[in-house]
Amino acid sequence: MWYAEIFTLFYIAVFNLLHHPALTTRPVYRSMNVSGDIILGALFPIHERSNRNQECNRLQEEGLQQLEALLFTLKKINENPKLLPGVKLGVIALDTCDSATYALEQSLDFIKGFIARSNSREQQFKCHDGSMPSFSDGSFDRMMGIIGGRSSSVSIQLANILRLFQVPQISYQSTSPTLSNKEKYEYFFRTVPSDVNQAHAILKLLKKFRWTYVSIVYSNTDYGNKGYEKLQDLAPNYNICFSNPQSINADHFTDHDYDSVIQNLRQKTNARVVVVFADKQTTRNVMTAAKRLGVIKRFVWIGSDGWSGHNSVVENIEETLEGAITISPLVRSIRGFDQYFTNLTPENNKDNPWFVEFWEEYFHCQYQGMHETPWSNKYQHWCSHNKRISQSNGYTQTPALHFVRDAAYAFAHALHDLHKNVCGGEEGLCDAMVRTDGPTLKGYLQQIKFKDENGKTFRFLPSGDAPPRYSIFNFQKRSGNYTWRNVGSYILGEEGEVSLKLHENELRFKQEDPGFPRSFCSEPCQQGQRKLQREGDTCCWLCTDCSEYEYLEDEYTCRVCPWGTLPSTAKTNCLPIPEEFLYFTSPWAIGTMAFAGLGILSSIFMALVFWANGDTPIIKAAGRELSYLLLFGIFLSYCMTFVIVAKPTPWTCGLTRFFLGFCYTLCYASIVTKTNRIARIFSQRRQRPCQKPRYTSPRSQLVITAMLVSVEVVITVFWLLYDRPAVSHIYPTRNENILICNGSDKASYLVGLIYPFILIGFCTVYAFKTRKCPDGFNEARYLTFTNYTTCVIWLAFLPLFVLSTSTTIRAVTLSFLFSLSGTVQLACLFAPKVYIALLKPEKNTKKSVMSPHNRSSSLGQSSSFGQLTPTVLITDGCSIANNSGYNNNNLSVRNTLQIPLRSSPFVATVPNLSLHMQEDSKCDSLTSRPTTTSCEDVNGSVINQSKTL
């Protein structure tokens with residue numbers, strides 16, 4: 001039941017009142033009443049907060065000007081025929097003495113009036129005579145809303161009560177973030193922004209001046225505590241540290257306590273800036289203590305809106321506060337108010353019961369007929385009726401009066417919209433409007449939007465706050481006078497953009513020392529240095545260098561850069577080390593490519609010589625098709641140098657891995673096929689001359705070579721599919737980032753050379769077998785030398801490739817491995833034939849090609865009869881006979897001697913008989929023309945057949 005909550009609040013207020021027995025004499029007047037059709041309640045701090053021995057302290061001009069601003073605004077509203085036509089707004093104003101306790105006591109009148117008004121509707125209480133009870137003759141029955149209070153602590157106390165009666169409340173200066181909680185304070189509105197935005201403005205100002213080490217003083221109230229918490233929460237975002245926080249309990253602090261606050265601030269020698277987030281009375285006590293201790297020129301005071309621009313704070317302590325910078329909701333003067341206020345006198349201002357007291361304070365005189373106050377009795381003369389308030393005798397319009405004006409206009413426009421809807425456009429107050437409840441009026445307040453006298457649009461945000469707009473003031477001494485000077489603004493746009501404007505040329509600290517001091521604990525660390533936090537003070541640190549390979553992860557932590565990266569110059573991040581690989585412009589690359597280029601030219605030259613002399617015996621004996629295939633393999637070996645020294649990419653890596661074994665396989669498969677063919681021909685000629693060797697034609701040789709090469713192709717393809725070509729990075733040192741083919745730094749990269757090595761072994765075997773063939777066919781010495789040299793090259797270069805950690809050496813080694821192997825093959829297998837074809841044509845004959853390698857061979861010896869001596873060769877029971885005569889280039893056989901198989905198996909010399917062989921120019925390989933061969937079968941008969949070599 002809401003009555004239980006009301007009773008509890010009422011009991012607390014009465015309890016506080018009873019425990020202040022001395023609160024009986026001050027002030028003389030507690031309220032002011034201006035009649036009207038609709039009444040607005042208002043609370044203003046007409047007097048300062050009390051000491052412990054009396055209710056309130058002396059009158060303060062700011063509170064009285066705020067009250068007069070409300071009266072001035074209501075007068076203009078009532079005179080406006082377009083706004084609330086026929087409806088007059090009145091006000092009941094109470095003095096809060098800038099104290100939450102006293103404000104709660106004063107609010108008891110509001111509580112009584114609201115209870116009486118609620119009872120008139122629900123009729124839960126009746127008098128003994130049956131009539132409905134009323135309070136103060138029903139003057140509170142038409143109260144629609146409340147304007148006030150000024151401080152957040154007063155507004156919070158009042159909001160807790162008013163929400164029970166569903167009465168809308170608009171504060172003109174309460175900025176605590178607590179009041180933005182619409183679940184708890186749903187009927188609360190304000191014409192000023194929340195302190196959340198003020199905290200951003202203060203921090204933005206500190207960052208602008210590079211004040212990173214700042215002390216803070218705050219009042220132990222909801223306003224001060226919330227402001228301090230918000231500043232602490234946001235400070236890290238601005239790189240600002242708040243050190244040495246000082247909390248002040250204004251109700252219990254003595255002068256000694258305030259002195260202790262100043263002494264604590266003075267201990268932080270580097271903290272020259274102090275943020276004071278407190279109400280004006282607490283701030284004045286702090287500044288008075290600073291003056292008392294002689295701390296005049298030490299600090300730059302940064303003020304919140306609780307005391308910004310208030311002359312009552314700086315009175316008699318101007319020298320201490322000189323240079324202060326304060327934040328206040330955006331200030332605009334009220335047009336016409338200066339003329340209105342300066343024309344007021346005690347004679348023409350009877351509505352305001354506190355104006356006479358203000359007159360005494362302003363002119364330092366006693367007004368005849370006025371109750372004596374503890375301050376007026378000190379004045380020795382009477383107030384003259386000729387005195388007038390003017391700027392010449394100290395009048396200035398108090399900042400932020402327009403917030404009071406906006407609050408009054410907000411109610412007026414909401415009531416106007418309500419009147420237009422429920423009264424049907426009729427002038428005057430209708431019964432439906434009198435019965436309007438709080439939730440209905442709250443809904444109209446949420447929807448208002450109007451332009452003030454300065455043409456600025458006003459509306460409430462969904463939180464009930466006003467848009468965040470602030471003025472920045474600097475308390476200066478100019479021409480011997482102290483004044484608050486507007487030096488900038490802080491505005492948060494509708495889309496969240498921040499605008500801080502400072503007129504820096506107008507800012508000054510002290511008149512004799514205009515420059516502001518620095519405020520820091522430790523110098524900012526240099527590039528590449530991290531902060532070592534000092535124990536017990538988060539705002540002070542030592543600077544230490546990050547190591548050579550570390551970067552600053554944050555201002556307190558150094559992290560080692562990953563391999564392949566190095567810290568940037570500022571050490572703020574890690575940058576990739578430029579990739580290193582063998583460039584074409586490298587001397588190593590130039591050398592290998594030059595050598596490979598010569599090899600390519602040599603290969604082409606020898607291929608051209610072979611092509612031009614393809615019909616000569618020496619070229620035919622070499623096997624033209626296989627020789628061309630071998631030259632192509634050598635050509636590819638030289639070309640691989642340009643792929644190896646190129647920048648590693650998946651393509652170049654794949655090509656290198658494929659052709660690493662393919663080039664050698666192509667070369668040695670050709671040599672194996674060639675030597676195998678020769679070995680088979682001459683071996684079978686000696687052993688089984690009656691049987692023709694198979695697969696000795698050029699096409700057969702190419703097919704055999706292709707089959708041998710296909711083995712390597714299959715192995716390499718499977719290898720590439722299993723381990724796909726890719727590039728990777730290796731880091732031999734912290735400063736190197738080398739781009740290589742993936743796996744090229746491992747011995748497994750040479751797996752493609754296993755099969756070519758096997759082919760080299762077969763080449764060596766067949767070279768040995770053909771060592772006694774005719775000179776045109778006998779390449780045993782060259783092949784053996786080629787194979788041995790290749791093995792030596794491999795044994796020299798491959799360990800260097802495997803063991804070396806330099807990618808340049810690896811690339812050059814692999815390039816020379818290809819080039820040297822190709823060079824050896826050119827020099828040993830092709831150079832002698834090219835030499836004969838070009839420089840020794842006399843040796844490029846059938847006779848020279850067919851000349852025996854060993855004169856004492858099994859082919860027989862020449863007899864003493866000369867070259868025409870006929871000979872007979874007997875092998876395994878077969879005899880081959882021929883004379884030395886030629887007929888039309890065809891081999892003819894005369895005087896064939898038939899020797900049975902039972903004859904002696906050795907060579908017999910027969911006069912005038914010799915064996916001759918002829919090469920058919922139309923054949924691609926060396927063959928003998930058909931010769932007459934007589935063989936005897938097991939029965940002793942003679943078999944004649946043709947034999948092709």
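Model, not experiment: these values are computed from the prediction.
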Undergrad: Taking the side chain as everything from C-beta on, heavy atoms only, tell me whether Arg657 gets closer than 4.5 Å to Asp723.
TA: yes

Undergrad: Determine whether Tyr731 and Asn737 satisfy the following criterion, side chain to side chain contact (heavy atoms under 4.5 Å, CB included), listing intermediate values before the conclusion.
TA: CA-CA 5 Å; Tyr731 316 106; Asn737 179 21; 3.1 Å; yes

Undergrad: Identify the two heavy atoms, one from Val727 and one from Cys653, that lie closest to each other, and give their separation to 0.1 Å.
TA: CG1-SG, 4.0 Å

Undergrad: Quick one, Phe605 with Val609, criterion side chain to side chain contact (heavy atoms under 4.5 Å, CB included). Give me CA distance, side-chain angles, the key distance, then yes/no.
TA: CA-CA 6 Å; Phe605 171 72; Val609 171; 3.8 Å; yes

Undergrad: Is any side-chain heavy atom of Ile740 closer than 4.5 Å to one of Ser728?
TA: yes

Undergrad: Phe830 and ring pair (Phe, Tyr, Trp, His ring centres under 6.0 Å): which partner among Tyr628, Tyr835, Phe635, Phe610?
TA: Phe610

Undergrad: Measure the NZ-CG distance between Lys833 and Asn613 for me, rounded to the nearest 0.5 Å.
TA: 13.5 Å

Undergrad: If every non-hydrogen atom of Ala607 is compared with every non-hydrogen atom of Leu631, which pair is closest and at what distance?
TA: CA-CD1, 3.6 Å

Undergrad: Hey, what do you get for CG (Leu626) to SG (Cys667), rounding to the nearest 0.5 Å?
TA: 12.0 Å

Undergrad: Rounded to the nearest 0.5 Å, how far apart are OG of Ser710 and CD1 of Ile715?
TA: 9.5 Å

Undergrad: CG/Leu666 to CG/Leu708 distance, rounded to the nearest 0.5 angstrom?
TA: 10.5 Å

Undergrad: After noting the C-alpha distance and the side-chain angles of Tyr755 and Phe757, does the key distance pass the ring pair (Phe, Tyr, Trp, His ring centres under 6.0 Å) rule?
TA: CA-CA 5 Å; Tyr755 182 69; Phe757 187 79; over 10 Å; no

Undergrad: Which heavy atom of Ala669 sits nearest to which heavy atom of Thr673, and what is that distance?
TA: O-OG1, 2.8 Å

Undergrad: Give, for atom OG1 of Thr808 and atom OH of Tyr583, the distance between the pair rounded to the nearest 0.5 Å.
TA: 10.5 Å

Undergrad: Count the heavy atoms of every other residue, nucleotide or ligand shown that sit under 6.0 Å from OH of Tyr549, and state whether that count exceeds 12.
TA: yes

Undergrad: Between Ile836 and Thr616, is there a side-chain heavy-atom distance shorter than 4.5 Å?
TA: no

Undergrad: Would a 4.5 Å heavy-atom cut-off, applied to side chains only, mark Leu829 and Ile671 as touching?
TA: yes

Undergrad: Please set out all donor-acceptor pairs under 3.5 angstrom arising from side-chain atoms of residues 560-568, sequence neighbours excluded.
TA:
residue, atom, partner, partner atom, Å
Thr565, OG1, Pro562, O, 2.6
Ser568, OG, Lys571, N, 3.2
Ser568, OG, Thr572, N, 3.2
Ser568, OG, Asn573, O, 3.4
Ser568, OG, Asn573, OD1, 2.9

Undergrad: Would you say CH2 of Trp588 has more than 12 non-hydrogen atoms from neighbouring residues, nucleotides or ligands within 6.0 angstrom?
TA: no

Undergrad: If we check ring pair (Phe, Tyr, Trp, His ring centres under 6.0 Å) with Phe818, which of these qualifies: Phe659, Phe595, Tyr664, Phe662?
TA: Tyr664

Undergrad: Looking only at heavy atoms, what is the nearest atom pair of Val709 and Thr665, with distance?
TA: CA-CG2, 3.7 Å

Undergrad: Between Arg734 and Glu548, is there a donor-acceptor pair closer than 3.5 Å when you use the side chain of the first and the backbone of the second?
TA: no

Undergrad: For Cys663 and Ser637, which heavy atoms make the closest approach, and how far apart are they?
TA: CB-OG, 3.4 Å

Undergrad: Looking at CD1 of Ile634 and CD of Gln825, how far apart are the two atoms once the value is rounded to the nearest 0.5 Å?
TA: 4.5 Å

Undergrad: Looking only at non-hydrogen atoms, find the nearest pair between Leu582 and Ala589 and report the distance.
TA: CG-CB, 4.0 Å

Undergrad: Does any part of the side chain of Glu580, heavy atoms only, come nearer than 4.5 Å to the side chain of Leu739, both counted from C-beta?
TA: no

Undergrad: Please tabulate, for side-chain N and O atoms in residues 640-649, each donor-acceptor pair with protein atoms closer than 3.5 Å (sequence neighbours left out).
TA:
residue, atom, partner, partner atom, Å
Thr641, OG1, Tyr638, O, 3.4
Thr641, OG1, Ser819, OG, 3.3
Thr649, OG1, Trp651, N, 3.4
Thr649, OG1, Thr652, N, 3.2
Thr649, OG1, Thr652, OG1, 3.2

Undergrad: Is any side-chain heavy atom of Leu660 less than 4.5 Å from a side-chain heavy atom of Leu814?
TA: yes

Undergrad: Ser586: which residues meet the side-chain hydrogen bond (donor to acceptor under 3.5 Å, both in side chains) condition with it, sequence neighbours left out?
TA: none

